[in-house]
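Remarks on the structure that follows.
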Amino acid sequence: MNDNNKRVDTTSGDSAQAPSDMVSELNNIDALSQYFKSEAGTREGRAIPPLEKWHPEQVADMDLIIKANGEWWHEGGHMTRESLVSLFASILWKEENNGTVEYFLKTPVQKLRIQVEDVPLLINDVGIVNEDDNSWLEFTTTTGDVVRLDDEHPIRLNSYVADGNSDANSVDSVNRHEENKRSQTDAQIRPYMEVRNGLTALIGRNAFYHLTDIGELTERDGETILTLQSGGKSYQLSMPAE
């Protein structure tokens, strides 16, 4: 796996404890930041904690939403502290139960459920790295993840429809049918990439345009094919017609 993020075990593990007053306040953004920094201890560079080894029993909701454009909003305010967003991104956790996907900020003592409009990560940079006689396409997210295009981290094109009406009960069946028709028309085809722990990143527009310059565009059966070279292998994407 060519994920370049460092994974560092901490001594807290499953048995990590926090004072009861801290547990009750972990959904406070500043308290969560201070708590996680204290748990992280001294680490060099960006590190992803061993989230898979943490099994907190407490689950709470946090008023935090990751917008479809990659912005983080807390209690109605845009989070502009990049260091804080990057810290929280390192404890992002995804779970799927009975077809329902949920996202959390995960600590050893609590999972804080958050909302994600599309996907939780955004890639804003792509470049070519030469290593061991191979050239790799390397992608960087706005929150510091670095990943290379390979079989474990593929790129795919999926449709995305912005949810203009989150309250399904507020429209009758006729209006809902019209909404579905408009959704099919308004669907955007977006490029996504697998990053870590089941988390997916949207490849930003500028980064994807750069990919089309790096790769080779060909026509086949009325489709435009983007061929990318990474790690000695070829990867193809069928580009939708404009």
Side-chain angles (χ1 to χ4, degrees), residues 1-7 44-48 51 66-72 78-94 101 103 116-162 187-220 223-242:
M1 188 171 182
N2 290 320
D3 189 338
N4 286 354
N5 293 295
K6 295 167 59 183
R7 300 184 58 82
E44 296 180 0
R46 176 175 171 79
I48 303 300
L51 304 180
I66 303 176
K67 300 285 189 178
N69 62 1
E71 294 178 349
W72 289 51
H78 183 199
M79 293 176 59
T80 57
R81 290 165 55 189
E82 293 183 5
S83 60
L84 185 61
V85 172
S86 294
L87 174 66
F88 286 178
S90 71
I91 56 170
L92 274 170
W93 185 253
K94 175 183 175 181
V101 175
Y103 293 93
V116 176
E117 286 186 347
D118 186 12
V119 293
L121 301 173
L122 174 66
I123 289 170
N124 66 339
D125 184 66
V126 58
I128 300 175
V129 175
N130 295 313
E131 182 180 282
D132 298 331
D133 298 325
N134 269 326
S135 292
W136 297 87
L137 286 181
E138 192 169 83
F139 299 76
T140 305
T141 70
T142 56
T143 48
D145 291 284
V146 179
V147 65
R148 294 176 178 180
L149 175 61
D150 59 20
D151 293 343
E152 295 184 17
H153 304 89
I155 298 174
R156 68 178 188 272
L157 298 176
N158 281 352
S159 62
Y160 168 75
V161 179
Q188 305 172 23
I189 302 300
R190 290 179 153 195
Y192 300 90
M193 188 173 190
E194 302 300 319
V195 179
R196 57 175 163 86
N197 292 335
L199 299 178
T200 301
L202 170 68
I203 301 177
R205 181 172 299 179
N206 290 339
F208 191 72
Y209 285 160
H210 188 38
L211 270 186
T212 62
D213 291 334
I214 293 174
E216 179 184 3
L217 291 171
T218 56
E219 297 291 332
R220 185 176 67 199
E223 289 186 322
T224 299
I225 307 299
L226 174 62
T227 302
L228 302 170
Q229 304 291 333
S230 184
K233 292 186 177 182
S234 295
Y235 299 88
Q236 291 189 336
L237 292 174
S238 297
M239 307 283 287
E242 295 291 341

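Remember, it's a predicted structure, so these values are computed and weren't measured experimentally. Side-chain atoms are counted along with the backbone in the values below, which use heavy atoms only and exclude waters and symmetry mates.
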Exercise. So Leu217 and Leu226, side-chain contact (heavy atoms from CB on, under 4.5 Å) or not? Walk me through it.
Worked result: CA-CA 5 Å; Leu217 291 171; Leu226 174 62; 3.7 Å; yes

Do [X] side-chain atoms and [Y] backbone N/O form a donor-acceptor pair below 3.5 Å?
X      : Y      : answer
Ser86  : Ser83  : no
Asn69  : Glu71  : yes
Ser230 : Leu137 : yes

Exercise. If you measure only the distance, is there a donor-acceptor pair under 3.5 Å linking the side chains of Glu219 and Thr224?
Worked result: yes

Problem set entry | Distance-only donor-acceptor check, side chains Asp150 and Tyr235, under 3.5 Å |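 No.
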
Between [atom1] on residue [X] and [atom2] on residue [Y], distance to nearest 0.5 Å:
X      : Y      : atom1 : atom2 : value
Leu92  : Ile66  : CG    : CD1   : 5.0 Å
Arg190 : Leu202 : CZ    : CG    : 5.0 Å
Leu149 : Ile155 : CG    : CD1   : 4.5 Å
Gln236 : Glu216 : CD    : CD    : 9.0 Å

For this session: Output, in order, the C-alpha distance, side-chain angles, deciding distance and verdict of side-chain contact (heavy atoms from CB on, under 4.5 Å) for Lys94 and Asn197.
Result: CA-CA 7 Å; Lys94 175 183 175 181; Asn197 292 335; over 6 Å; no

For this session: Mind listing the closest non-hydrogen atom pair of Glu117 and Tyr160 along with its distance?
Result: O-CE1, 3.8 Å

Exercise. Closest heavy-atom contact between Ala201 and Val195?
Worked result: CB-CG2, 3.6 Å

Problem set entry | Test side-chain contact (heavy atoms from CB on, under 4.5 Å) applied to Thr142 and Ile123, Asn124, Leu121, the passing residue | Asn124

For this session: Might you confirm whether atom CZ of Arg205 has over 12 heavy atoms from other residues, nucleotides or ligands at distances under 6.0 Å?
Result: no

For this session: Mind running side-chain contact (heavy atoms from CB on, under 4.5 Å) on His153 and Phe139 for me, showing each step along the way?
Result: CA-CA 10 Å; His153 304 89; Phe139 299 76; over 6 Å; no

